[in-house]
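Here the structure is a predicted model, which is why all the values come from computation and not from measurement.
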Amino acid sequence: MDTSLLARVSETEWHLAQAGDMRVPAVIFGDGELLAEMDDKVLEQIRNVACLPGIVEAAYAMPDAHWGYGFPIGGVAAFDAAAGGVVSAGGVGFDISCGVRVLLTGIGRGELEPLKLRLADSLYRDIPAGVGSTGKIALDAAAMDAMLRGGARWAVGEGYGRAADLERIEEQGAAAGAEPDAVSAQAKTRQHDEMGTLGSGNHYLEVQEIVDIAEPAIAAAFGLRRGELVVSIHCGSRGLGHQIGTEFLREMAIAAPGFGIVLPDLELACAPIDSELGRRYLGAMRAAINCALANRQIITHLTRRVFAHFFEAASLDLLFDVSHNTCKEEWHEPGGKRRRLFVHRKGATRAFAAGHAELPPAFAATGQPVFIGGSMGTASAIMVGASVRPERAFASACHGAGRRMSRHQALRHWHGRQVVDELAGRGIIVKSPSSRGVAEEAPGAYKDIASVVEAAHAAGLARKVATLAPVICIKG
DNA sequence: ATGTGC
């Protein structure tokens, strides 16, 4: 990225002043190296986001930001309905409520070693992965609507998991305001037998070892102990969310001129929050959030069943479940004035700090866990919502390493088999139905996650708590 | 991300 237009206000924060059609400034987080390798498109895209009606404070890009559809992935923007604010399907993305949950196993790395291959085989057999993967659960129309309203609460009621899990999920497992009627028949049809499946792309289920602790008190409160294993599940709302995103992007692009909205980029299609279309999208998007929460809940159940076969005593308690592709209605205090805002986080994680009113009791004193999913074969990280005031970027942080290379570029550099063999040589088992998918997800196609985490920490977005190293990766 | 698409 050409940084000559930016003012560097700290080691990890860069500002683009409001100019032209921009309604607010744009802010990018990251060190000099991350900014240098960031695509110029990120700057162009957050500048365009800053032009949207009703945007508050600034348009933000996280340290892992890269080029996305309309909004950058790693983008955060908040809108005020009372100021003509909009909701944008592109600001949430296609994979609505994609997110990560982490299960604590209490199992030491040494205990796993003799069972590693068999555990990997069982996980791969029982947790469907890949493009178009289907599961054993088929939902009829009534069950589909109940799932879209109830999210993980519905899943627990159906026998997938425990009531205690719900306290460890954003919004206690179910987004309020979901409207199954706003979800098209086609979206529901696509989801009919996709519950409890990982999907493809960067989605995965990993068994990871806690290899480093940066903040012992927080790690202890989270139940993270060095040398023990956790399970990270990264997936979203599958075909349903994708269909909703596709349909509303089209509808918003067509409707925007009628609302008097001039789009700097057609991909930023949006509608006023206080419009029939805006409200209908929010209802459908919240239903997709519930679909993703239910999906991760069912996968949790399947994972526990596999682990129980090998480790009878392991209960696999849920640490937390966070979504990183959402638009959520939240209270914030931009400029010291308390306002209800619609915060779009696309490839960005909510990072509420200690004392935040919307945190579950378990995290009231610590702040919420923030999961930074690494690329296949590299480290992941657990951070905690930072306690600095005023909040940075509406209490948001990064979500992963972020791509350095396009999928197409990656395919020119690696073959799937070669990547699997290289990782096997380092003791990491990768199982995937797609050799091509593995090549696209090669570790070298992603940025260095350590520098992304350092930048988020230094910028005060979240604080480092623990580093995780992969042992088994079930890849979509 | 995706019943991946020229």
Open item on the list: What contact category does A/Gly93 fall into here, base, sugar-phosphate, or nothing, at under 4.0 angstrom with non-hydrogen atoms?
Closed with: nothing
Open item on the list: Using 30° and 60° as the class boundaries, would you call the ring planes of A/Phe29 and A/Tyr60 parallel, tilted or perpendicular?
Closed with: parallel
Task: Value in whole Å for how far the C1' atom of B/dC6 lies from NE2 of A/His408 - done: 12 Å
Task: A/Arg403 charged N/C atom sitting above A/Tyr446 aromatic ring, 6.0 Å / 45° - done: yes
TODO: Remember a base hit wins even if backbone is also touched, and classify A/Gly199 as base, sugar-phosphate or nothing at under 4.0 Å, heavy atoms.
DONE: sugar-phosphate
Open item on the list: Students often get this wrong, so: under 4.0 angstrom with heavy atoms, is A/Ser237 touching a base, only sugar-phosphate, or nothing?
Closed with: nothing
Task: Spacing of A/Asp95 atom CG relative to B/dT2 atom P, expressed in whole Å - done: 6 Å
- [ ] Starting from C1' on B/dT2, measure out to CZ on A/Arg436 and report it in whole angstrom.
- [x] 12 Å
Open item on the list: What's A/Glu440 touching, base or sugar-phosphate or nothing? Going by heavy atoms closer than 4.0 Å.
Closed with: nothing
Hey, can you pull the donor-acceptor pairs under 3.5 Å for the side chains in residues 130-152 of chain A, sequence neighbours left out?
unit_1, atom_1, unit_2, atom_2, d
A/Ser133, OG, A/Gly130, O, 2.8
A/Ser133, OG, A/Arg238, NH2, 3.3
A/Asp140, OD1, A/Ala142, N, 3.2
A/Asp140, OD1, A/Ala143, N, 2.8
A/Asp145, OD1, A/Lys188, NZ, 3.2

Task: Sidechain N-carboxylate O distance under 4.0 Å for A/Arg280, A/Glu179 - done: no
Open item on the list: Tell me the interatomic distance from A/Asn325, atom CG, to B/dT2, atom P, rounded to whole angstroms.
Closed with: 11 Å
Open item on the list: Under 4.0 Å, counting only non-hydrogen atoms across every strand here, what does A/Gly236 touch: a base, just sugar-phosphate, or nothing?
Closed with: nothing
- [ ] Give the rounded distance in Å between these two atoms: CZ of A/Arg250 and P of B/dT2.
- [x] 18 Å
- [ ] Please report, rounded to the nearest Å, how far the C1' atom of B/dT2 is from the CD atom of A/Glu441.
- [x] 14 Å
Open item on the list: Nearest whole Å is fine: how far is B/dT2 P from A/Ile244 CD1?
Closed with: 14 Å
- [ ] Starting at atom CD of A/Gln191, determine the distance to atom P of B/dT2, rounded to an integer number of angstrom.
- [x] 10 Å
